[in-house]
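Nothing here was measured: the structure is a model prediction, and the numbers come from that model. Each chain gets a letter, A, B and so on, in the order the sequences are listed, and its residues count up from 1.
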There are 2 protein chains.
Amino acid sequence: MKRMTVQRQCILDELKKSRTHPTATELYECLRHTLPHISLGTVYRNLHRLAEKGLIRKLELGEGESRYDPDLREHYHVRCIRCGHIEDVVLENVLDVSTIRSQQGNFVIQGFHLEFIGYCSQCGQEIRGLNHEL
Amino acid sequence: MKRMTVQRQCILDELKKSRTHPTATELYECLRHTLPHISLGTVYRNLHRLAEKGLIRKLELGEGESRYDPDLREHYHVRCIRCGHIEDVVLENVLDVSTIRSQQGNFVIQGFHLEFIGYCSQCGQEIRGLNHEL
DNA sequence: ATTGTTGCAAAGGGTTTGCACGTAA
DNA sequence: TTACGTGCAAACCCTTTGCAACAAT
């Protein structure tokens, strides 16, 4: 992260503009409109570096592609089991890590990853529709 | 899961014997001692089916290979950031999902994934050693 | 006899990397 | 001018899959 290149700036801007916690591929497709020759490798490289520097967060929860989040405030995510759509969940003081011990008591626990799962409004509706058909 | 083959039984037995939440590859390497011709594909196929039937749990948290757990009781895991070693964490009534709402309130939240991270005793020691050297 | 399961190898998805070229500092 | 960053393509890791042969029911 020694130089601010056009690509790096665009990736960061695009991510900050987004509200969907996009994947690297989604960002890539989007960026190609303004930077037709950008490569997916560059997108990955920059997302990695930006996350490393703490400018963005990498979300690697559950299966599938990692997603990226420009919002650094404490919050969690709920992911739709059916379509993968993600929404924010704001919660404070969820867990006090200092009170938690591993089974053998040998671990120094420093933090946690937490993700909620469920059905987004659209998938919830569609599932109810399918049930009626049965 | 219509037939109990030698392979399927061995995979289940090996997993139940283990205390390390092994990966598919780790199980594969281990099983080759007794079943030299077993294939990694078979291991994956069976782990998938066993998890589907609820006989084991698939742990897909953070990066890297998925791990498999024969313990179906409610418990969580702490993963060493440095070496990947996993230990159990027993906690009850961690979160009441019914009280949680997504930001737009559109999600029907059904559950959550929770994983703790930290340093195992060995890595904790080694890090302290490295700090002294500095 | 039927059909689920296997071993094998190839393909798949997501991500990283080696290289020569380009460009911000 | 000189590292650092890029585009490209190949490689990588983990996992799934197509297929013909095999074996549990």
message = Just N and O in the side chain of Thr5(A): are any of them under 4.0 Å from OP1 or OP2 of dG5(D)?
response = no
inquiry  = Reading DNA chain C from 5' onward, which residue's closest nucleotide shows up sooner: Thr42(B) or Glu65(A)?
reply    = Thr42(B)
key: Listed once per pair and sorted, the salt bridge (Lys or Arg N to Asp or Glu O under 4.0 Å) pairs that draw on residues 17-33 of chain B, sequence neighbours left out   = Glu14(B)-Lys17(B), Glu26(B)-Arg67(B), Glu29(B)-Arg32(B)
Residues that Arg101(A) engages under side-chain hydrogen bond (donor to acceptor under 3.5 Å, both in side chains), provided they are two or more places apart = none
task = Report yes if at least one side-chain N or O of Tyr44(B) is closer than 4.0 Å to OP1 or OP2 of dT16(D); otherwise report no.
result = no
key: Flag side-chain contact, heavy atom, 4.5 Å: Glu87(A) against Asn106(B)   = yes
inquiry  = With a 4.0 Å limit, can you tell me whether Ser39(A) has a side-chain N or O closer than that to the phosphate oxygens OP1/OP2 of dA9(D)?
reply    = no
message = Taking atom types as they are modelled, would you say the side chain of Arg45(B) forms a donor-acceptor pair with the base of dG7(C) within the 3.5 Å cutoff?
response = yes
query = Among the nucleotides dA25(C), dT15(C), dC14(D), which one has an atom lying closest to any side-chain atom of Leu40(A)?
reply = dT15(C)
ask   = Can you find a pair of side-chain heavy atoms, one from Glu65(A) and one from Thr25(A), that are under 4.5 Å apart?
value = yes
task = Could you tell me the separation between the CE atom of Met4(A) and the C1' atom of dC4(D), rounded to a whole number of Å?
result = 13 Å
task = With the side chain counted from C-beta on, respond yes when Glu115(B) and Leu114(A) share a heavy-atom pair under 4.5 Å apart, and no when they do not.
result = no
message = Could you check whether any side-chain heavy atom of Leu59(B) comes within less than 4.5 Å of a side-chain heavy atom of Arg57(B), counting everything from C-beta outward?
response = yes
message = Just the rounded figure in Å: distance from C1' of dC14(D) to OH of Tyr68(B).
response = 10 Å
request  = Find the distance Leu59(A):CG to dG14(C):C1' and express it as a whole number of Å.
outcome  = 16 Å
message = Measure CD/Glu52(B) against P/dT5(C) and give the value in whole Å, please.
response = 11 Å
key: Any side-chain heavy-atom pair of Leu55(A) and Arg49(A) under 4.5 Å   = no
task = Find which nucleotide of DNA chain D each of Ile38(A) and Arg67(B) is nearest to by heavy atoms, and output the residue with the more 5' nucleotide.
result = Ile38(A)
Interatomic distance, Glu60(A) CD vs dT15(C) P [rounded to whole Å] = 9 Å
message = In this structure, how many angstroms lie between the C1' atom of dT2(D) and the NZ atom of Lys2(A), rounded?
response = 12 Å
inquiry  = With the threshold set at under 4.0 Å for non-hydrogen atoms, list the residues of residues 7-37 of chain B touching DNA chain C in residue-number order.
reply    = Gln7(B), Arg8(B), His37(B)
key: Candidate nucleotides dA23(D), dT6(C), dC4(D), ranked by approach to the side chain of Arg3(B) - the nearest   = dA23(D)
